[in-house]
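Scroll down for the structure; my scribbles are underneath it.
Within every chain, numbering begins at 1; the chains are lettered A, B, ... in the order of the sequence lines, protein sequences first and strands thereafter.
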Protein chains: 2
Amino acid sequence: MTQPTDKPADSSALGPIPKAVINRLSLYLRELQRLVRDGSETTSSTQLGKLLEFTDAQVRKDLAYFGQFGYPGIGYRCSELITRIKEILGTNQRWPIAMVGLGNLGRALLGYRGFTHQGFEVACVFDVDDAKVNRQFEDIPVYHLDRIVEIVPKLGIRLAIIAVPAPAAQKVADALVAAGIQGILNFAPVTITVPRHVNLEGVDLAIELEQLSFAIVNIQWRQS
Amino acid sequence: MTQPTDKPADSSALGPIPKAVINRLSLYLRELQRLVRDGSETTSSTQLGKLLEFTDAQVRKDLAYFGQFGYPGIGYRCSELITRIKEILGTNQRWPIAMVGLGNLGRALLGYRGFTHQGFEVACVFDVDDAKVNRQFEDIPVYHLDRIVEIVPKLGIRLAIIAVPAPAAQKVADALVAAGIQGILNFAPVTITVPRHVNLEGVDLAIELEQLSFAIVNIQWRQS
DNA sequence: TAGATTGTTAATCGATTAACAATC
DNA sequence: TAGATTGTTAATCGATTAACAATC
C-alpha cells in the first residue's frame, strides 16, 4: 500500500450521514447564533453539548463528518462554525418556497415568518379558491393550483410547503412533483408518497401532542 | 427453575420503550384510521409496513412492546387496534390544552384545529397584550399571562403549546411549569429548559426546511 | 509549561431485521 | 389441509460514548 493510511477527513468517504446528525447540525446552528448574539466568540463541544443535552463526544463526532472545524485547546470559533454549517445545510443561499393552501394553516404560516431569517422565503402561494387566486396576500402572489407547473420552474423554486386538507394532499404532492419540486414539507396529517428523488418531511401536530400524552400517561417510561 | 420460561408479554418488563416506537405508534394509528374510513376490517404488519415504508418485522416488534393484539393467520382487526393504540397513547380521553401566545402563529394554530379529532382541544389562551386579554377568540377565552397559575389547575390542563417569540419562550415555559403543566409543545425557535418531570417537544419550521435543503444540496446522501 | 480541547479509534450500547415455531 | 400471519428470539446493523494521542 503506497497510500498513506491517515487519509484526510473526506466526508464523502465516510458513507451515508445519519439523518439524526443533520437534525443536530440545525440545532448547533441555532445555538451558535444565539451564542453570537449573546457575545460569545468561541465555544466548545462541552458547552454546546451541555446547552443541548448531548455528550461532548457526540458534538465532535457530528462535526467530524464534515471536516475539521475546531482548534485543539481552544474550541470552535462561533462565527466560523456558523458559516460552515450553513454551507453544509445549503442555507448560505436564499430558498424561495412555494406554499400550497391558503386556509387557516397556510395564512398562519405566511404571517409567522419564523423561518425567513434562515434564508427561506415564501415566493408564491397556490390555492383552488377563485376568491383568493390572482391577488396578493401579505405581499405574496396567489395563483391557481393549475398553474403550478408553469410558475414553479419559472421562479426557480425547489422547495414547497403543503398546507391543504388531508384528502387533497396527495394530489397536491403529485402536482408539485410534476412541477419539478425537490423537497416537500407536508403539514397535512396524512401519509403521502413521492418518488425517491423527492425529499419529504412531515409535521403533524396531533402526533407531537400524542408523544406528550403518552409520556404523561406512562410516567415510568422516561424517554429513549 | 419452576417458572415457565414463556412469560407473558408484560410491557413493564421490557425496559424503557424507545421514543421512536411511540412516534411510529402514532403513524400506525393515523394509517389505521384511514384504512377504516376506506372500509378495511383487518390489516397486517406487511400492509402497514408497506404503507409507511417500514419492514413488517418492525411493525410487529413495535406492537409487541405493549401486548398481543394480532391474530396469527389473520392479522390485526383495525378498529380493535385503533382502540388499543389510543389507550396506549392516552388519547382515549380529552386533553384540554393551554395555548400561550396569540400572535400570527397562535391564531393560525387555533384556526387550524387539525388535531382536535384526536382528542386535543385548546381550552384557553394566554397573552400579555391587553387588547386581546379578557375577550374570546374563536370561542376560546383569552387570559393575561399573569393568571396562568390560577387558571391552568382550575381547568385541569396538563398540556400547553408555546407560540410566542423566541426571546419570551423560556419565561413562558417557567410559568407553565409553575402552573403544574406536564407537557409542552414548543414552537418558538429556541432551546428551552424544563425540569425532568416535564415533557417537552419542539417544532421548528426552519429546522425542517434545513433538512430538506441539505438533502437537495447533497444529493449523494440519501437518508440514514 | 500546564491546562484545555480537538479529531478519531475502539468499545459499548441500542435498534432493526431475519428467521421460524406457533397459530388460525 | 394449505396458506397466511403472528409473536419472539437471535443475528445484524448502526449509532453513541469513552478514551486518548495530538495540538494549541
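By the side-chain hydrogen bond (donor to acceptor under 3.5 Å, both in side chains) test, Asn104(A) pairs with Arg107(A), sequence neighbours left out. Under the salt bridge (charged side-chain N to carboxylate O under 4.0 Å, His left out) criterion, Glu208(A) pairs with no residue, sequence neighbours left out. Not counting sequence neighbours, the partners of Asp56(B) by the salt bridge (charged side-chain N to carboxylate O under 4.0 Å, His left out) test are Arg60(B). For Arg77(A), the salt bridge (charged side-chain N to carboxylate O under 4.0 Å, His left out) partners two or more places apart in sequence, or in a different chain, are Glu80(A). Every residue was checked against the side-chain hydrogen bond (donor to acceptor under 3.5 Å, both in side chains) condition with Thr91(A), not counting sequence neighbours, and none meets it. Not counting sequence neighbours, the partners of Arg94(B) by the salt bridge (charged side-chain N to carboxylate O under 4.0 Å, His left out) test are Glu121(B). Under the side-chain hydrogen bond (donor to acceptor under 3.5 Å, both in side chains) criterion, Thr191(A) pairs with Arg30(B), Glu31(B), sequence neighbours left out. Here Gln170(B) pairs with Asp174(B) under the side-chain hydrogen bond (donor to acceptor under 3.5 Å, both in side chains) rule; sequence neighbours left out.
At dT5(C), none of the side-chain N or O atoms of Gln47(A) fall inside 4.0 Å of OP1 or OP2 (strictly under the cut-off). Side-chain nitrogen and oxygen atoms of Ser45(A) include none within less than 4.0 Å of the OP1 or OP2 phosphate oxygen of dT5(C).
Ring pair Phe120(B)/Trp95(B) is tilted by interplanar angle, where 30° to 60° counts as tilted.
Arg34(B) places a side-chain heavy atom less than 4.5 Å from the side chain of Asp38(B). The shortest side-chain heavy-atom distance between Leu32(A) and Tyr76(A) does not fall under the 4.5 Å cut-off.
The stretch residues 25-33 of chain B has no heavy atom under 4.0 angstrom from DNA chain C at all. In the region residues 72-84 of chain B, proximity to DNA chain D at under 4.0 angstrom, judged on heavy atoms, holds for Pro72(B), Gly73(B), Ile74(B), Gly75(B), Tyr76(B).
Shortest non-hydrogen contact noted between Tyr112(B) and Pro189(A) is OH-CD, 4.0 Å.
Atom-to-atom distance recorded for Ile148(A):CD1 and Leu176(A):CG is 4.0 Å, nearest 0.5 angstrom.
Following rounding to the nearest Å, Lys50(A) (NZ) and dA4(C) (C1') show an atom-to-atom distance of 13 Å. One atom, NZ of Lys19(B), and another, P of dA15(D), lie 19 Å apart when rounded to the nearest Å. Rounded to an integer number of Å, the gap from CZ of Phe66(B) to C1' of dG7(D) is 15 Å. Note: CD (Gln68(A)) to P (dT9(C)) measures 11 Å, nearest angstrom.
Secondary-structure stems of DNA chain D, taken as three or more successive Watson-Crick or G-U wobble pairs (i with j, i+1 with j-1) under a 3.5 Å distance threshold, comprise C:3-24 with D:3-24.
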Please tabulate the protein-to-nucleotide N/O contacts below 3.5 Å involving nucleotides 16-19 of chain C, giving atom names and distances.
unit_1  : atom_1 : unit_2   : atom_2 : d
dT16(C) : OP1    : Arg24(B) : NH1    : 3.2
dT16(C) : OP2    : Arg24(B) : NH2    : 3.2
dT16(C) : OP2    : Gln58(B) : NE2    : 3.3
dT16(C) : O5'    : Gln58(B) : NE2    : 3.2
dT17(C) : OP2    : Thr55(B) : OG1    : 3.1
dA19(C) : N6     : Arg60(B) : NH2    : 3.2

